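Numbered from 1 within each chain, the chains take letters A, B, ... in sequence-line order. This one's a predicted model, so the numbers in the text were calculated from it and none came from an experiment. Atoms considered below: every heavy atom in the structure, side chains included; atoms not considered: hydrogens, waters and symmetry mates.
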Amino acid sequence: MDYKVFEDRIELEETEDFCAKHIFECGQIFRYKKTENGYLIFSDNQKIIVEEKNGKVTIWGNPKFCQNFFDLKTDYSKIKAELIKNKELTMPIKFGYGIRILKRSPLETIISFIISANNNIPRIKNTIEKLCNEYGENKGDFFSFPTLKKLSLVDEKFWINAGAGYRAKYLIDTVKILALDSSVLTSNESTTEIKKKLLALSGVGPKVADCVLLFGYGRTDVFPTDTWVMKAIGENDKSKASFFATEKASQYGSLAGYAQQYLFFYERNKKA
DNA sequence: AGCCAGGGACTCC
DNA sequence: GGAGTCCATGGC
């Protein structure tokens with residue numbers, strides 16, 4: 001995919017490999033808002049604006065950050081061509097053709113997906129927004145995601161008030177663990193090793209760990225298996241989630257994470 | 001009103 | 001290690 005890098009933006013022609021709606025509404029990120037002709041996104045300490053009009057996509061923001069964030073160097077046409085050989089992915093890929101997996105900070109991903117457990121997206125977004133507004137750095141027209149140091153100042157009452165529910169104590173405990181040893185946040189170890197460390201955090205089970213690995217560490221060899229993906233597979237027994245996570249990761253190999261995103265987006269947004 | 005939400009911890013065995 | 005139960009609370 002060709003793109004031009006400027007000082008304050010990146011430009012590309014409209015392409016099958018980039019669709020803002022698909023990218024932001026496939027459940028991988030919670031700090032975004034729909035605008036008139038695009039999206040307004042916050043990630044880490046950055047603000048990004050994506051505009052799509054007249055056949056052109058403009059990504060406003062720090063170009064170096066955005067190039068990595070949108071994973072612009074990865075060839076999604078190639079990934080889709082490979083995955084679409086699996087019949088069950090034909091419709092999902094046609095439907096969510098413009099999905100890209102965003103590269104995000106491990107800390108923000110960990111906190112976000114602990115909040116996401118057994119929760120609904122509007123409420124998840126609301127809790128994270130309250131957190132940033134209170135503990136993030138004021139960047140003028142938005143707030144950054146809080147640093148680990150700032151997160152250490154958040155008490156249980158705040159989390160409850162922000163709508164975290166019973167996850168409040170998980171969040172408190174996880175921040176404490178990370179404050180003592182934050183090495184996992186910058187780990188470059190194998191997917192299995194990092195997963196083991198993530199599972200030691202509070203409120204992080206197999207599904208949250210897989211989401212964090214995929215979105216926060218760019219590990220595409222995992223297949224996060226939530227209720228929507230279970231529906232996509234046609235399985236009702238929730239106790240089998242971890243079985244399918246392993247099964248599908250093995251089936252799709254290093255492309256498992258991409259396959260999961262197409263399935264998730266299709267299942268959530270297709271018309272019955 | 002009642003089930004569901006991008007599940008996990010805890011407790012049994 | 002597998003099965004059951006409980007967990008807060010807004011969305012629909």
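The number of heavy-atom neighbours closer than 6.0 Å to NZ of A:K34, taken from other residues, nucleotides and ligands shown, is above 12.
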Working for ring-ring contact (aromatic ring centres under 6.0 Å, His included), residues A:F70 and A:F18: CA-CA 9 Å; A:F70 288 100; A:F18 190 110; 5.4 Å; yes

For A:K64 and A:Q67: C-alpha separation, side-chain torsions, deciding distance, then whether side chain to side chain donor-acceptor pair (under 3.5 Å) applies. CA-CA 5 Å; A:K64 191 176 176 186; A:Q67 200 169 52; over 6 Å; no

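The residue A:E267 sits apart from the nucleic acid: no heavy atom pair falls under 4.0 Å. Residue-level contact check: A:F30 touches neither bases nor backbone, having no heavy atom under 4.0 Å from any strand. Looking at heavy-atom distances under 4.0 Å, A:I115 makes no contact with the nucleic acid at all.
For A:K231, a side-chain nitrogen or oxygen approaches OP1 or OP2 of B:dA5 to under 4.0 Å. In terms of phosphate contacts, A:T227 brings a side-chain nitrogen or oxygen within less than 4.0 Å of OP1 or OP2 of B:dG7.
The nearest whole Å value for the distance from the CD1 atom in A:I172 to the C1' atom in B:dA9 is 17 Å. With rounding to whole Å, A:R268 atom CZ is found 12 Å from B:dC4 atom C1'. In this structure, the CG atom of A:L171 is 13 Å from the C1' atom of B:dG7, given to the nearest Å.
Comparing A:L201 and A:Q28 by the nucleotide of DNA chain B whose heavy atom lies nearest to each, the residue mapping closer to the 5' end is A:Q28.
Although no hydrogens or angles enter the test, the distance criterion places a donor-acceptor pair under 3.5 Å between the side chain of A:Q28 and the main chain of A:L102. In terms of modelled atom types and a separation under 3.5 Å, the side chain of A:E51 and the main chain of A:T58 share no donor-acceptor contact.
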Any chance you could list the contact pattern along nucleotides 5-12 of chain C? Use B for base contacts, S for sugar-phosphate-only contacts and - for none, protein heavy atoms under 4.0 Å, 5' to 3'. --BBBBS-

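One P atom belongs to C:dG11, the other to B:dG8, and the distance between them is 23 Å to the nearest Å. With both ends at atom P, the span from C:dG10 to B:dA9 equals 23 Å, rounded to whole Å. Separating the P atom of C:dC6 from that of B:dC3 is a span of 15 Å, rounded to the nearest Å.
Taking 4.0 Å as the cut-off between side-chain N and carboxylate O, A:D210 and A:R219 do not count as a salt-bridged pair. A salt bridge is absent between A:K80 and A:E16: the closest approach of a Lys/Arg side-chain nitrogen to an acidic carboxylate oxygen does not fall below 4.0 angstrom.
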